[in-house]
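Below: the structure, in structure tokens.
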Amino acid sequence: MQLRLPGTRAVAEATGLWASGARPELLIINKFGKMEGEGRGFRDLIARAAAEGVPVLIGVNGLNRDALADFLGMPPPLLPAEVGAILAWAAAQRVAA
């Protein structure tokens, strides 16, 4: 299943799918941004996925990295912004599952 929707509509749709029992193999969030840093946006969905053992890949820029670290309770593990590194990480998550 792939979901691509803008803004708050995406949050509502993803949350609704999760509530209906849909579980992704991997959750990819384009950006941990200002909304997530303030406790809104995809923050609850990210926490729920992690709590249920779903691997989560989140894009983050330098402006929001501290907010992500606060949310995680530790500095976020970082991947190079390279397709090969991301695909290798995703493949490792499938093997670990």
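Below, each value reflects all heavy atoms present in this structure, side chains not excepted, and no hydrogens, waters or symmetry copies.
- For the pair Val56/Ile28, no side-chain contact is recorded, criterion being any heavy-atom separation below 4.5 Å from C-beta on.
- Between the Glu36 side chain and the Phe42 main chain, a donor and an acceptor come within less than 3.5 Å of each other.
- A donor-acceptor pair is defined here as one N or O able to donate and one able to accept, closer than 3.5 Å; such a pair exists between the side chain of Arg23 and the backbone of Trp18.
- Taken together through direct or relayed side-chain contacts under 4.5 Å among Ile, Leu, Val, Met, Phe, Trp and Tyr, Val54 and Phe71 form part of one hydrophobic cluster.
- Residues Val83 and Trp89 do not share a hydrophobic cluster, defined by chaining ILVMFWY side chains whose heavy atoms lie under 4.5 Å apart.
- Expressed to the nearest 0.5 Å, how far CZ of Phe32 lies from CZ of Arg43 amounts to 5.0 Å.
- How far CG of Asn64 is from CD of Glu38: 9.5 Å, rounded to the nearest 0.5 Å.
- Closest approach of Pro76 to Arg65, counting heavy atoms only: CG-CG, 4.0 Å.
- Linking ILVMFWY side-chain heavy atoms closer than 4.5 Å, directly or via other members, places Ile58 and Leu63 in two distinct hydrophobic clusters.
- Between Pro80 and Ile86, the shortest heavy-atom distance links the atoms O-CG1, 4.1 Å.
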Going through the distances and angles, do Ile29 and Ile46 end up as a side-chain contact (heavy atoms from CB on, under 4.5 Å)? CA-CA 8 Å; Ile29 302 295; Ile46 294 166; 3.9 Å; yes
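- Distance NZ/Lys31 to CG/Asn61: 7.0 Å, rounded to 0.5 Å.
- Looking at every heavy atom in both residues, Ala67 comes nearest to Gly37 through CB-CA, 3.9 Å.
- Distance check: Leu27 CG to Glu52 CD gives 11.0 Å after rounding to the nearest 0.5 Å.
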